[in-house]
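Just so we're on the same page: letters track the sequence lines, and every chain starts at 1. In what follows, every heavy atom counts, from backbone to side chain, and hydrogens, waters and symmetry copies are set aside.
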Amino acid sequence: MLYQAPRGTQDILPADRPYWRYVTGQMHAVAALFGYQQIDPPIFEETALFVRGVGEGTDIVDKEMYSFQDKGGAEITLRPEFTAGVMRAYIENGMHVWPQPVKLYSIGPIFRYERPQAGRFRQHHQFNVEAVGELDPAVDLEVMTVAWTLLTRLGYRGLSFQLNSTGCPVCRPAYRAKLVEYFRAYEDRLNEVDRRRLTINPLRLLDSKEEAAQPLLNDAPHSADYLCDECADHLARLRGYLETLQMPYAINFRLVRGLDYYTKTVFEIWAEGIGAQAAVCGGGRYDGLIEELGGPPTPGIGFGMGIERVILSLKEQGIAAPALPMPRVQISPLGDAARNAAVRLTYDLRTAGVGALLAFGDRSLKSQLKSANKADVAYTVILGDQELASGVVVVRDMAGGEQTNVPLSGVIDWLRGRLSRSRFAPARSVIGRVTDPPGA
RNA sequence: GUGGCCAUAGCUCAAUCGGCGGAGCACCUGGUUGUGGCCCAGGAGGCUGUGGGUUCAAGCCCCACUGGCCACCCCA
């Protein structure tokens, strides 16, 4: 093969399109339900924005960015996440004078230079939600509820949140010191990977999967025990709201997230059965980020959801997507004179809003009907030279095979009448109601 | 960036010890002068991922590259 899609990228083929339409359609719908408006920041930004926003020392900045110099010498990076770009847009467009919080969502591609794996790609797509300008923990709850509602609508059952608080610049240093102190005592029992973490990013030790570290983790100090009053109160109120809504969650003191900007609330939602990349949604609060990027001190919270991972796990759970609408009629001409009339009829049907296919080439009727069958149309209009002469076409109902003679001049109305009841219904619907998947 | 497994038709996979590359599905045609689905017959489709090496002979053995899967790192 001369050319292949670059490593970690893939073609999203027509066969997968029902899932993409289904999932992104629900994303738009749920965002609207909660009052979030769509924003599309550019796919690439100045490299410095991500370095500053995501943070030097994070894996994303240190080794995963697609960075290059453009012809004018500008340092450019394909976005490795949405948040930094959306916050830049918030500042640049003066959104701090809008009614707060400003509630935004985005859908689009994300780029990270990583070794691909099941559920991990160099180009993937995210649904990203941000609520900027409000510190109330009810906003945390709302943002989490957007993710919850979406996944529930898509057909997931038995979901639960992983929740933690990573504190803030006031209380985190003390906790971090406590953690380092604890692990230092057992340093000889840690392997090389974890020892490196101890100096670079001690919080990450908490979600270590190294065998040697496991016995130490349960007794490690919990961040929740070292929160300042403000952070403790924030977490307590968020938990209260979650309980009001009876939304299942687990406090996971080992949940720490890799981006520098998180403060207070961090959360994830996991899906089973898609391998090591189980986190289908992850996010948290970033109260210092906008100031860091040169804007006024502004709190914010958001999450990213991996669309490929959502689709993978939907398939894993046996949840089908509704079929996409396709033409319900095929026109099958026989003979040169008839073909001319068929071209006219096909165009007129489409103009009238009836999806129609024209059988191309000088093929036998048998062959044309085979194609019609594969295209899964409801009706085939047979328009031969005989029909052209008599002005009456044969309309074949593909389900039962009955044929009806219909005047050529009235066939559009005839078809429209027959199809009107089901015109927008998918030809091959594989799922009835989106809230009631098979097996639920 | 590290480690393990892998790469044969569009797809899923066979091919004995290194000895003339096959099947199913899908596609096309025919079985009916102008009638689909099921069935039957036939056809087309391959530089065995790429480039080297060993050998009388390589899909099979060796090396490199590219890509995939799995795990790590990290993340959605």
| query | C74(B) P sits how many Å from D59(A) CG, rounded? | reply | 6 Å
| task | Taking only the side-chain heavy atoms of L369(A) (C-beta and beyond), determine which of C74(B), G1(B), G36(B) contains the nearest atom. | result | G36(B)
| message | Roughly how many Å apart are G49(B) and G30(B), using the C1' atom of each and rounding to a whole number? | response | 37 Å
| Rounded to the Å, how far apart are E114(A) CD and C70(B) C1'? | 15 Å
| said: So, OP1 or OP2 of U29(B): does either fall under 4.0 Å of a side-chain N or O from S367(A)? | reply: yes
| said: In whole Å, measure the gap between the C1' atoms of U8(B) and C13(B) for me. | reply: 9 Å
| task | State, with a plain yes or no, whether a side-chain heavy atom of H234(A) is found less than 4.5 Å away from one of D140(A). | result | yes
| task | Check if the side chain of R120(A) and the base of C74(B) share a donor-acceptor pair of N or O atoms closer than 3.5 Å. | result | yes
| said: Using whole Å, what does the distance between atom C1' of nucleotide C38(B) and atom NZ of K370(A) come to? | reply: 12 Å
| So, does the side chain of R396(A) form a donor-acceptor pair with the base of G36(B) at under 3.5 Å? | yes
| remark: Judged by nearest nucleotide, the residue sitting upstream toward the 5' end of RNA chain B, A5(A) or L365(A), is L365(A)
| Reported CZ-to-CE distance for the pair R52(A) and M87(A), which is rounded to 0.5 angstrom | 15.5 Å
| query | Rounded to whole angstrom units, what separation is found between the CG atom of L314(A) and the C1' atom of A76(B)? | reply | 14 Å
| said: Suppose you measure atom P in C70(B) against the same atom in G52(B); what distance do you get, rounded to whole Å? | reply: 32 Å
| request: Give S332(A) one of three labels, base, sugar-phosphate or nothing, depending on what nucleic acid heavy atoms sit under 4.0 Å from its own. | output: nothing
| request: Whole angstrom is fine here: how far is it from CG in N128(A) over to P in C75(B)? | output: 16 Å
| task | State whether the distance check finds a donor on one side and an acceptor on the other, under 3.5 Å, for side chain Q403(A) versus base U35(B). | result | yes
| task | Take the protein atom CG of L151(A) and the nucleotide atom P of A76(B), then report the distance between them rounded to whole Å. | result | 15 Å
| request: Working to the nearest 0.5 Å, report the span between CG of L289(A) and CD of E291(A). | output: 10.5 Å
| query | If you check the R112(A) side chain, which of C75(B), G34(B), C70(B) turns out closest? | reply | C75(B)
| query | When you compare G22(B) with G45(B), how far apart are their P atoms, in angstrom units rounded to a whole number? | reply | 14 Å
| message | The side chain of M398(A) is closest to which nucleotide in this list: C75(B), G34(B), G36(B)? | response | G36(B)
| message | Within the 4.0 Å heavy-atom criterion, would you say A147(A) contacts the bases, only the backbone, or no part of the nucleic acid? | response | nothing
| query | Does NZ or CZ of K315(A) come closer than 6.0 Å to the centre of the six-membered ring of Y19(A), within 45° of the ring's axis? | reply | yes
| request: In whole angstrom, give me the gap between the C1' atoms of G1(B) and C56(B). | output: 45 Å
| Side chain to side chain, F127(A) and Q26(A), heavy atoms closer than 4.5 Å | no
| task | Go through RNA chain B and write down every stem, that is, every run of at least three consecutive Watson-Crick or G-U wobble pairs with distances under 3.5 Å, as range with range. | result | B:1-7 with B:66-72, B:10-13 with B:22-25, B:27-31 with B:39-43, B:49-53 with B:61-65
| task | Pick base, sugar-phosphate or nothing for E268(A), based on heavy-atom distances below 4.0 Å to the nucleic acid. | result | nothing
| Within the structure shown, what part of the strands sits under 4.0 Å from G8(A) by heavy-atom distance: base, sugar-phosphate, or nothing? | sugar-phosphate
| message | Closest-nucleotide mapping onto RNA chain B: is I307(A) or K366(A) further toward the 5' terminus? I mean the 5' end. | response | K366(A)
| query | Hey, is the side chain of R7(A) poking within less than 4.0 Å of OP1 or OP2 on G68(B), counting only N and O atoms? | reply | yes
| field | Centroid-centroid distance, Y379(A) to W414(A), less than 6.0 Å | value | yes
| query | Looking for any heavy atom pair under 4.0 Å, which part of the strands does F121(A) touch: base, sugar-phosphate only, or nothing? | reply | base
| field | Atom pair distance, as rounded to whole Å: CG in D336(A) and P in G34(B) | value | 14 Å
| G21(B) versus A15(B) - spacing of their P atoms, nearest Å | 16 Å
| message | Does Q4(A) contact G49(B) through a side-chain donor or acceptor facing the base, at a distance under 3.5 Å? | response | no
| said: Using the P atom as the point on both nucleotides, what is the distance between A44(B) and G4(B), in whole Å? | reply: 44 Å
| field | Audit row: S371(A), R363(A), side-chain hydrogen bond (donor to acceptor under 3.5 Å, both in side chains) steps and yes/no | value | CA-CA 10 Å; S371(A) 303; R363(A) 298 162 60 208; 2.7 Å; yes
| message | Using a heavy-atom cut-off of 4.0 Å across all strands, would you classify E387(A) as base, sugar-phosphate, or nothing? | response | base
| task | Name the nucleic acid region contacted by Q386(A), choosing base, sugar-phosphate or nothing; use a 4.0 angstrom heavy-atom cut-off, strictly under. | result | base
| query | Looking across every strand, which nucleic acid part, if any, lies under 4.0 Å from I382(A) by heavy atom: base, sugar-phosphate, or nothing? | reply | base
| task | Take atom CZ of R21(A) as the centre, draw a 6.0 Å sphere, and report whether it contains more than 12 heavy atoms from other residues, nucleotides or ligands. | result | no
| Rounded distance in Å between the C1' positions of G18(B) and U48(B) | 15 Å
| request: Assess whether atom CD of E402(A) is packed by more than 12 heavy atoms of other residues, nucleotides or ligands within 6.0 Å. | output: yes
| Can you tell which of G37(B), C72(B), U35(B) lies closest to the side chain of R115(A)? | C72(B)
| field | Flag side-chain contact, heavy atom, 4.5 Å: Y66(A) against Q123(A) | value | no
| task | Just call it for Q368(A): base, sugar-phosphate, or nothing, with non-hydrogen atoms closer than 4.0 Å on any strand. | result | nothing
| Closest non-hydrogen atom pair between S165(A) and L235(A), with its separation | CB-CD2, 4.1 Å
| said: Using whole Å, what does the distance between atom C1' of nucleotide U66(B) and atom OH of Y3(A) come to? | reply: 14 Å
| Side chain of K374(A) - closest among C74(B), C27(B), U29(B) | C27(B)
